[in-house]
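One structure is given below, encoded as structure tokens.
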Amino acid sequence: MTSAKYSLSIESVVVDTVLADSAAINYGDFEKGMVSVPTGSSLTTLTWHASGSEDGTYLPALSSAAVPAAITQTVSGGKVYPIPDDLRGARFLKITGNADGVVGVTLKD
């Protein structure tokens, strides 16, 4: 017997240069996902932050590398990128960018 899979698509997630102005993503029920950067977007870098609660304190998410570093992604418009594996287990996420913009997010358990 296989368990049912669940997915969620969020068409417009605000990404801001200021963490407090970026939208929270409820990632707690999911293990993976994709981020879609719209064509023509000024976003070229995404930096990930995590919190245990939606209204909590968001801290920079760090990689699991031998020398941990902030989890960032280089992106360009008109492309789709996986949410980094090192974010598995995070409850809530926020994304800051090099510019203000929006992204689409698809989540899957």
Side-chain angles (χ1 to χ4, degrees):
M1 179 180 209
T2 60
S3 62
K5 294 288 184 180
Y6 178 69
S7 64
L8 173 69
S9 291
I10 308 167
E11 291 183 26
S12 182
V13 174
V14 173
V15 175
D16 202 281
T17 58
V18 177
L19 181 60
D21 295 337
S22 292
I25 302 166
N26 186 341
Y27 196 56
D29 292 332
F30 302 96
E31 293 185 8
K32 53 191 166 192
M34 302 294 283
V35 176
S36 174
V37 181
T39 300
S41 175
S42 297
L43 292 168
T44 59
T45 304
L46 303 178
T47 302
W48 295 87
H49 307 267
S51 176
S53 63
E54 185 172 10
D55 295 326
T57 300
Y58 286 80
L59 300 173
L62 300 180
S63 69
S64 60
V67 178
I71 299 174
T72 61
Q73 290 177 286
T74 300
V75 299
S76 61
K79 297 190 174 140
V80 180
Y81 301 88
I83 292 175
D85 284 341
D86 279 342
L87 295 169
R88 284 186 181 183
R91 182 68 180 99
F92 289 90
L93 299 172
K94 281 190 176 187
I95 310 167
T96 55
N98 65 295
D100 295 346
V102 297
V103 295
V105 174
T106 302
L107 305 173
K108 193 159 180 77
D109 69 355

Give the minimum heavy-atom separation between [X] and [Y], together with the two atoms involved.
X: L93; Y: A50; result: CD2-CB, 4.2 Å
X: P38; Y: V102; result: CD-O, 3.2 Å
X: D21; Y: V14; result: O-CG1, 3.5 Å
X: L62; Y: P68; result: CB-CB, 4.1 Å
X: A24; Y: E54; result: CB-CG, 3.9 Å

Between L43, T44, T39, which is the residue that forms a side chain to side chain contact (heavy atoms under 4.5 Å, CB included) with S41? L43

Hey, which of V13, I83, L8 is the one that makes side chain to side chain contact (heavy atoms under 4.5 Å, CB included) with I25?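 Going through V13, I83, L8 one by one, the side chain to side chain contact (heavy atoms under 4.5 Å, CB included) with I25 is satisfied by V13 alone.
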
Sub-4.5 Å side-chain heavy-atom contact between [X] and [Y]:
X: I95; Y: W48; result: yes
X: K32; Y: D109; result: no
X: P84; Y: Q73; result: yes

Would you say the side chains of D86 and S63 form a donor-acceptor pair under 3.5 Å? no

Between I71 and L46, is there a shared hydrophobic cluster once you connect ILVMFWY residues whose side-chain heavy atoms come closer than 4.5 Å? yes

Quick one: do V15 and I10 end up in the same hydrophobic cluster if we chain Ile, Leu, Val, Met, Phe, Trp and Tyr together by side-chain heavy atoms under 4.5 Å apart?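 They do share one cluster, since a chain of ILVMFWY contacts under 4.5 Å joins V15 to I10.
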
Output for pair (L87 CG, E31 CD), nearest 0.5 Å, gives 13.0 Å

Sequence neighbours left out, what passes side chain to side chain contact (heavy atoms under 4.5 Å, CB included) with S76? Give chain and number order.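 Side chain to side chain contact (heavy atoms under 4.5 Å, CB included) check on S76 returns K79, Y81.
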
Does the S51 side chain pair with the main chain of T57, one donor and one acceptor, at a distance under 3.5 Å?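 Checked: pair present.
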
Test side chain to side chain contact (heavy atoms under 4.5 Å, CB included) on R91 and N26; report intermediate values, then the result. CA-CA 6 Å; R91 182 68 180 99; N26 186 341; 2.5 Å; yes

ring-ring contact (aromatic ring centres under 6.0 Å, His included) partners of residues 16-36, not counting sequence neighbours, each pair once: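 Matches after skipping sequence neighbours: Y6-F30.
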
